[in-house]
Amino acid sequence: MVVMNNKNSGTSSDMPILVRCGFGFLVFVAELLLFGVLGLCLFWIIYYCGGVAWTRDVSKQLNLHYILMIGGFIFFNGQAILAYRCFACCKKIYTKVIHSGFFVLAISSVTAGLMSAIKAHEDAADKHFYSLHSWVGLATMGMFALQFMVGFVSFLVLLCCDNATIKFRQRLLPTHITFGLIVFGMAIVTCLTGLMQTARHTLR
């Protein structure tokens, strides 16, 4: 996560060797889980579910929805969270740009995934937003968009008047971090409820 001053940031050269090794191991595990989740989803969709489609095949349209939502909510969102620690050696502005770039990829993926699901339900003449999964998903997307907008304005746009807004950004930072972790947790719940809903329909 972002740190507002160099005194508290702690570069890798300031850390004891054991702390650096432990941090590197945790980052490796986090990356392994992120790539593993996306990789398993892709394998499941391609090998067992017949691939993806944008139109004319409802089941394959929903397959695309699964990939895009897991890719956006879990993979890219997770990479955005890790960016501030993995790129701590870079200048702060570059780290913020990388962090924001991952969020843009996440929002693009989630938006395309939502449109894929809506189109699949329309093609199947089915109802929209009738399940717990869809309600949690809508709430998560709203919070995700709010987190991005507030963070973009506060930590990038307000840099144009850095000295005048630094105290505001320092006070906002803990809330931004906490809210981001809450959104990530809700994203996990959204994906799990969606997979459970799919499993229930398939087994039935």
Side-chain angles (χ1 to χ4, degrees), residues 1-6 8-12 22-42 64-116 136-160 162 165 168-195:
M1 290 296 178
V2 65
V3 180
M4 297 304 302
N5 54 64
N6 293 329
N8 298 324
S9 60
T11 61
S12 59
F23 171 74
F25 175 74
L26 291 177
V27 170
F28 172 76
V29 171
E31 291 288 359
L32 188 65
L33 291 173
L34 290 174
F35 278 97
V37 166
L38 185 60
L40 285 173
C41 178
L42 289 170
L64 180 62
H65 170 74
Y66 305 145
I67 292 174
L68 291 173
M69 286 304 193
I70 290 175
F73 270 148
I74 305 299
F75 183 78
F76 288 126
N77 193 13
Q79 297 295 348
I81 291 173
L82 290 175
Y84 269 110
R85 293 305 185 190
C86 294
F87 298 97
C89 58
C90 302
K91 287 185 178 180
K92 191 182 297 183
I93 184 62
Y94 299 151
T95 305
K96 290 181 178 181
V97 170
I98 293 171
H99 180 71
S100 300
F102 277 122
F103 263 119
V104 170
L105 290 173
I107 290 173
S108 302
S109 181
V110 168
T111 302
L114 175 63
M115 296 305 299
S116 177
V136 174
L138 286 175
T140 304
M141 283 186 284
M143 294 173 64
F144 193 78
L146 179 64
Q147 170 79 348
F148 175 76
M149 289 187 293
V150 172
F152 182 80
V153 172
S154 301
F155 298 108
L156 277 178
V157 175
L158 291 184
L159 286 179
C160 61
D162 189 13
T165 60
F168 165 76
R169 287 181 284 119
Q170 286 175 338
R171 289 194 298 267
L172 181 63
L173 180 60
T175 303
H176 181 69
I177 293 172
T178 303
F179 197 74
L181 294 176
I182 292 172
V183 171
F184 188 68
M186 288 190 64
I188 293 172
V189 172
T190 300
C191 292
L192 288 176
T193 54
L195 292 173

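On a predicted model such as this, the values are computed, not experimentally measured, just so you know.
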Measure from the side-chain N and O atoms of [X] to the backbone N and O of [Y], and report whether any donor-acceptor pair falls under 3.5 Å.
X	Y	value
S154	G151	no
T190	M186	yes
T165	L158	yes

Between [X] and [Y], is any pair of side-chain heavy atoms under 4.5 Å apart?
X	Y	answer
I107	F76	no
I67	L42	yes
L156	I93	yes
L172	V150	yes
L82	L34	yes
L105	F75	no
L114	M69	yes

Do you know the tightest heavy-atom contact between [X] and [Y]?
X	Y	result
Q79	E31	NE2-OE1, 2.7 Å
S109	G71	OG-C, 4.1 Å
G113	L68	N-CD1, 3.5 Å

What's the separation between atom [atom1] in [X] and atom [atom2] in [Y], rounded to the nearest 0.5 Å?
X	Y	atom1	atom2	result
I70	I188	CD1	CD1	11.0 Å
K92	F155	NZ	CZ	10.5 Å
F144	T111	CZ	OG1	9.0 Å
C191	I74	SG	CD1	4.0 Å

Problem - Residues, nucleotides or ligands: over 12 heavy atoms within 6.0 Å of F152 CZ - result: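 Atom CZ in F152 is not crowded, with 12 or fewer foreign heavy atoms closer than 6.0 Å.
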
Exercise for the section: Please say whether more than 12 non-hydrogen atoms of neighbouring residues, nucleotides or ligands are located less than 6.0 Å from CE in M143. Expected result: yes

Exercise for the section: Give me the ring orientation class for H99 and F103: parallel if the planes are under 30° apart, tilted from 30 to 60°, perpendicular past 60°. Expected result: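 Correct class here is perpendicular.
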
Exercise for the section: Give the intermediate values and the outcome of side-chain contact (heavy atoms from CB on, under 4.5 Å) for residues I81 and F102. Expected result: CA-CA 9 Å; I81 291 173; F102 277 122; over 6 Å; no

